Chemist: 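Take a look at the following structure, please.
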Amino acid sequence: MEMERVTEFPLAHLDRRPRKRARLGWDVPEVPKAQVGIFCEQEVGNVASYACSGATSDHTTSSSLFVKGVDRNGSPPWREDDKDGHYMFALGENLTSRYKIHSKMGEGTFGQVLECWDRERKEMVAIKIVRGIKKYRDAAMIEIEVLQQLGKHDKSGNHCVQIRNWFDYRNHICIVFEKLGPSLYDFLRKNNYRSFPIDLVREIGRQLLECVSFMHDLRLIHTDLKPENILLLSPDYVKVPDYKGSSRSPRDSSYFKRVPKSSVIKVIDFGSTTYERQDLNYIISTRHYRAPEVILGLGWSFPCDVWSVGCIIVELCTGEALFQTHENLEHLAMMERVFGPLPQHMLKKVDRHGAKYLRRGRLDWPEGATSRESLKAVLKLPRLQNLIMQHVDHSAGDLIHLLQGLLRYDPSDRLTAREALRHPFFTRDRMRR
């Protein structure tokens, strides 16, 4: 069998200054299809040492590198990507000689995540195979850089998902991660969007804020925090009676809801992560978790992550996203319905893009509503206090006060992640223990 050719490339060291990205290996003309791909068969801590300098090892030459064992384990036939640039595969095939594809775990705009057997480490891993399109490849390399930076300061992996390895295979950046459990969103969805117990919300909220605080200390802003990007460490769960639906019979399976056995979580997806700088005014975050300063075009920084955390905590308490909308004006109207009017000093600062949502110095609502359905969607939302008290029996007061700090309109008044961790919602519970 013909050996599979591999090419190595360097990864620029990180620094905290915004800069034009250096020319990297994948900027060179695409290799012929006969030369199958690029592979870095090293632990992540050593990836940066892989340079195109002619360095050799006991099984490489300065002109080309060959993956050990390709002739033994074989490679799948070359296939064209699908129309969207996704890698085409079959279960049971190899992904390089090291990984065997076991199952498909998920798919998103970035690409696919496959569960694979790592022959070298003798463990199951999750491999993110990025679409073979430049903008997604670029985002993947940013994610790798961020993951390396995070890994340097979080060697125990307590906060963020751990990267095991990465390589470039047939024009697809592949990032190898530790295998984790389901996302909080998937858990909620399979649980019929039932809320989590308040003590579980407390533990998840604490870990999430610890992760955000850790990232912010490194001057990193995640920018896309949402339940889909927060994974439980374990898929195991227990069934408990759903007292909110006590009218149902215990013989009815819907009388019970699932609760994770473990509250341990890890944050994933750092492809949109950025360093703090002055010109951050483009649109970020998934709609439901987007802060008001982002929508109004006022620029954003670390507080945008804190707003997202507040929205996530509310969702865990209620089972449903707080702002279920797809329009900016409707989104802002929902915020005013839940939290009260937007402050005048923020509205006076909006640029021409944000000004289209205003009329006579206030939000253009309900006059600017696009439909009656939009009006109804806003009107059905309760105030924050009422919403929380509908779903939380004890600790409601502390939780409401915490959320009022996390979800303040003005980002300069919003609690920082570190300040939030000192809030009585977290500290009072520890004192009771």
Side-chain angles (χ1 to χ4, degrees), residues 8-26 38-53 55 57 98 110 113 118 120-121 123 125-128 130 137-168 173-180 206-225 229-231 233 264-277 280 284 301-302 304-306 308-309 416-418 421:
E8 295 177 347
F9 50 85
L11 179 64
H13 290 289
L14 287 173
D15 62 40
R16 295 181 181 179
R17 302 182 304 277
R19 67 201 189 282
K20 184 176 180 181
R21 183 173 298 281
R23 180 178 171 87
L24 297 175
W26 50 85
I38 301 170
F39 187 71
C40 291
E41 187 71 20
Q42 289 282 3
E43 292 305 312
V44 168
N46 298 326
V47 169
S49 66
Y50 254 148
C52 298
S53 59
S57 68
R98 177 168 173 176
F110 61 86
V113 178
D118 182 344
E120 184 173 308
R121 293 177 68 114
E123 66 177 2
V125 293
I127 302 185
K128 181 176 181 176
V130 177
R137 289 173 58 86
D138 289 348
M141 293 314 301
I142 291 172
E143 181 168 18
I144 290 168
E145 291 187 22
V146 170
L147 284 161
Q148 288 185 311
Q149 179 77 340
L150 294 172
K152 285 181 188 176
H153 297 87
D154 183 25
K155 296 187 185 303
S156 59
N158 290 331
H159 301 294
C160 309
V161 65
Q162 290 185 304
I163 181 173
R164 296 273 195 255
N165 189 16
W166 72 279
F167 54 92
D168 193 339
I173 303 294
C174 303
I175 311 176
V176 185
F177 295 100
E178 59 179 323
K179 185 173 178 290
L180 300 172
R206 177 187 290 122
Q207 293 172 80
L208 185 52
L209 285 164
E210 286 172 350
C211 178
V212 171
S213 176
F214 164 70
M215 291 187 67
H216 290 182
D217 286 346
L218 297 174
R219 316 313 293 171
L220 287 166
I221 311 169
H222 188 284
T223 79
D224 197 20
L225 293 170
N229 287 340
I230 305 165
L231 268 55
L233 191 66
V264 180
I265 58 162
K266 289 196 177 185
V267 173
I268 66 166
D269 196 349
F270 300 90
S272 302
T273 297
T274 186
Y275 286 103
E276 177 194 26
R277 48 180 211 265
L280 297 175
I284 54 159
S301 186
F302 303 108
C304 71
D305 282 344
V306 174
S308 299
V309 172
T416 66
R418 191 166 298 283
L421 286 166

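None of these values were measured; they are calculated from a predicted model.
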Chemist: Please report the closest heavy-atom contact between Cys304 and Ile221, naming both atoms and the distance.
Modeler: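 Shortest heavy-atom contact: SG-CG2, 3.8 Å.
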Chemist: Taking Gln162's backbone N and O only, do any of them form a donor-acceptor pair with Glu178's side chain (distance below 3.5 Å, no angle check)?
Modeler: yes
Chemist: Side-chain contact test, heavy atoms from C-beta onward, threshold under 4.5 Å: evaluate it for Arg418 versus Asp217 and give yes or no.
Modeler: yes
Chemist: Asp118 and Arg98: which non-hydrogen atoms are nearest, and at how many Å?
Modeler: OD1-NE, 2.8 Å
Chemist: Is a donor on one side and an acceptor on the other found under 3.5 Å between the side chain of Asn229 and the backbone of Asp269?
Modeler: no
Chemist: Does any non-hydrogen side-chain atom of Val176 lie less than 4.5 Å from one of Phe167?
Modeler: yes
Chemist: Given 3.5 Å as the limit, does a donor-acceptor pair link the side chain of His159 with the main chain of Val212, or not?
Modeler: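 Checking the backbone N and O of Val212 against the side chain of His159, no donor-acceptor pair under 3.5 Å is found.
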Chemist: Does the side chain of Phe177 reach to within under 4.5 Å of the side chain of Leu147, using non-hydrogen atoms?
Modeler: yes
Chemist: Between OG1 of Thr223 and CG of Leu225, what distance do you get to the nearest 0.5 Å?
Modeler: 8.0 Å
Chemist: When Ile175 is tested against each of Asn165, Val113, Ile144 for side-chain contact (heavy atoms from CB on, under 4.5 Å), which residue passes?
Modeler: Ile144
Chemist: State the CG-OG distance between Leu208 and Ser308, to the nearest 0.5 angstrom.
Modeler: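 OG of Ser308 is found 9.0 Å from CG of Leu208.
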Chemist: Is any side-chain heavy atom of Ile230 closer than 4.5 Å to a side-chain heavy atom of Gln207?
Modeler: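 Side chain of Ile230 against side chain of Gln207, heavy atoms only: no contact under 4.5 Å found.
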Chemist: Can you measure from CG (Leu218) to OH (Tyr275) and round to the nearest 0.5 angstrom?
Modeler: 8.0 Å
Chemist: Hey, does Thr416 have a side-chain heavy atom less than 4.5 Å from the side chain of His216?
Modeler: no
Chemist: Identify the two heavy atoms, one from Val161 and one from Phe270, that lie closest to each other, and give their separation to 0.1 Å.
Modeler: CG1-CE1, 4.1 Å
Chemist: Which distance, rounded to the nearest 0.5 Å, do you find between the CD1 of Ile142 and the OG1 of Thr274?
Modeler: 7.5 Å
Chemist: When you compare the side chain of Thr273 with that of Met215, does any pair of heavy atoms fall below 4.5 Å?
Modeler: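 Touching, per the 4.5 Å side-chain cut-off.
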